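Here the structure comes first, spelled out in structure tokens, and everything after it is commentary.
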2 protein chains.
Amino acid sequence: MTSGKTGGAGVGGTGQPKDPKAPQTLYRKVAADLRDAIAAGAYGSGARLPAEGALAERYEVSRGTIRQALALLRADGLVTSRRGTRRVVLSDTRVQSFAELTSFARWARSIGEEPGGRTIAVVREPGRPLECEQLRLESEAYVYRVLRLRTLSGRPVMVERAVYPEWVGELVERFPREADSHSTLLEGHGVLFTDADHTIDLAPADTEDAVLLECGVGDALLRERRRSTDSTGTPVEWSDDRYLPGTVAFTVHNSTASTALSRRTSQ
Amino acid sequence: MTSGKTGGAGVGGTGQPKDPKAPQTLYRKVAADLRDAIAAGAYGSGARLPAEGALAERYEVSRGTIRQALALLRADGLVTSRRGTRRVVLSDTRVQSFAELTSFARWARSIGEEPGGRTIAVVREPGRPLECEQLRLESEAYVYRVLRLRTLSGRPVMVERAVYPEWVGELVERFPREADSHSTLLEGHGVLFTDADHTIDLAPADTEDAVLLECGVGDALLRERRRSTDSTGTPVEWSDDRYLPGTVAFTVHNSTASTALSRRTSQ
DNA sequence: GTCCCTAAGTTGTACAGCCAACTTGGGTTT
DNA sequence: AAACCCAAGTTGGCTGTACAACTTAGGGAC
């Protein structure tokens, strides 16, 4: 490298819409550029990536920055990393990871379907013990409970029972009934999701589920319970989502390098 | 710090059995020690961790090493990390993450249950198209197909249909029929799992499932399909596991910082 | 008392360098 | 021909430094 003041030798890839909330740091730009390059087939699946040093020269950044960028790809399972040999491209499919999972609407659009949402009911009442615990509120604290039916291209697919603490619920209450995505609306009000804990198992449909999803009472549904928190670790949402069988599957990549996925005994 | 040659001011925590395969690097030791401290309640849930600089002094390592250690805890959702303020302890429950998930036996023991396994059948035959694709073999390549019934304290809980490429299958074929854990046996032969992709959804029991799990044909089961690879990215195992409802749930932590979890349309 | 601003503390980003551990390929030896 | 060994290349681990971005608490102005 020559001087290293005016950085950037083509990191402004135009591949996909960037997450508006992600800070535009050097290593994120490099990671995004490498993602684009891999998705575009610049390095075929199974090909070996250039050495870290070579990438550092190309992007005119230090090797440490390159390593930060590659760590992101590594965590998503896009590339290997083994001491002694070059990194290898594992998958050339794009992973949207976090944002896609926290928002039903964003996920739906990413697979080319039209998301829909209809709010059935919003009530404010004292939270149940489990809910208060999940939201880290003192028991009996008031919460907002929102029942929504989610559709994919008009077809009912999922029943969402979300619970919010008061400071969030007051916002959600004012959202339009037909709003596509509560999470993007919340972002507009400064409520950001940064972490989520998911529990995935199987639950029988109750009468409400059966009516909304047009299935039989007792039919098995795929259930995802989720607690989302903001950057301070404060719980923002606790939700119980139930999907019709065959409409959705959950995928996880985990590695010895990072990522927490685990089994749990039910209840 | 004074000289920084003879390292280590008490990183030899004796909390839990260490993963024998994880290299004993400095930052892993620090991370393990911090995990132990958190689990032991040294910093109550919600407490603020010491600053990185303070930890660096205490452990007599550089701040960079501390940051590597904290990144591990961050990825597991144990602590927050926000610019400008100290890290906050989020959860004081231990997460075993990878090893626990890849091995049914290890998971079972971690929750205090006695794992059991009975191999029903082992056959060598040409792989089906889906299987060959998952294992990255040319189509029609020979594979080993292993059917096992897994029990928890004697109770049948899961049917495992694993498919291995020949070089692995030859090893598995020689394992005892009642072996608890194939994955630990494979480790003994130098076959290490480092990455896994999981797909979780719901599947109806076929006649074989019904007989083994003592449930009705067509009953809904929680299905986990998993492809595990070694450190070079070579697929080592492709498995279809079906759990009786109510016996297990899958949990994931994901954050904007790392981790890939996503929805997928079924099939 | 309330508001505002500043300063100290803390984490994030980036850079540079050094050595260890490991892989690979090629040449040498047997 | 096969086995062996060595050197070059590459990633992992660790240290040190510097600055930017952000939070928080406390003091001062009003």
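All figures in this text were calculated on a predicted structure; none of them were measured in a lab. Every chain is numbered from 1, with letters handed out A, B, ... down the list of sequences.
Taking atom CD of A:E57 as the reference point, atom C1' of D:dT10 lies 15 Å away to the nearest angstrom. When rounded to the nearest whole Å, the span between NZ of B:K29 and P of D:dG13 equals 13 Å. Residue A:L26 contributes atom CG, which lies 15 Å from atom C1' of D:dA21 at whole-angstrom precision. Spacing between atom CZ of A:R82 and atom P of C:dA20 amounts to 22 Å, rounded to whole angstrom units. Atom CZ of A:R28 is separated from atom P of D:dA21 by 15 Å (rounded to the nearest Å). For the pair B:L70 CG and C:dT10 P, the computed distance is 14 Å after rounding to whole Å.
When each of B:E170, B:E166, B:E173 is checked for a salt bridge (charged side-chain N to carboxylate O under 4.0 Å, His left out) with B:R124, only B:E166 meets the rule.
For B:T65, no side-chain nitrogen or oxygen approaches OP1 or OP2 of D:dG13 to under 4.0 Å. Within the 4.0 Å cut-off from OP1 or OP2 of C:dT23, not a single side-chain nitrogen or oxygen of A:R48 is found. The side chain of B:Y27 places an N or O atom within less than 4.0 Å of a non-bridging phosphate oxygen (OP1 or OP2) of D:dG13. In this structure, A:T85 does not reach the C:dT23 phosphate: none of its side-chain N or O atoms is under 4.0 Å from OP1 or OP2. One finds a side-chain N or O of B:R86 lying less than 4.0 angstrom from the OP1 or OP2 phosphate oxygen of C:dT10.
Here the nucleotide nearest the side chain of B:E52, chosen from C:dG12, D:dG12, C:dA14, is C:dG12. Considering only the side chain of A:V61, C:dC15 comes nearest among D:dT10, C:dG12, C:dC15. Among C:dT13, C:dC15, C:dC18, the nucleotide with an atom closest to any side-chain atom of A:R63 is C:dC18. Counting only heavy atoms from C-beta on, B:R83 has its side chain closest to D:dC22 among D:dC22, D:dT11, D:dC14.
Across all their heavy atoms, B:Y43 and B:I38 have their closest contact at CD1-CG1, 4.1 Å.
When each of A:G84 and A:Q68 is assigned the nucleotide of DNA chain C with its nearest heavy atom, A:Q68 is the one assigned upstream, toward the 5' end. Both B:I66 and A:R87 lie close to DNA chain D; mapped to their nearest nucleotides by heavy-atom distance, the more 5′-ward contact belongs to A:R87.
When only modelled atom types and interatomic distance are considered, A:R74 and A:S81 share a side-chain donor-acceptor pair under 3.5 Å.
Note on B:R67: a base of the nucleic acid sits closer than 4.0 angstrom, heavy atoms only.
Between the CG atom in A:L192 and the OG1 atom in A:T102 there is a gap of 11.0 Å [rounded to 0.5 Å].
Taking the side chain as every heavy atom from C-beta outward, B:L73 and B:R35 approach each other to under 4.5 Å.
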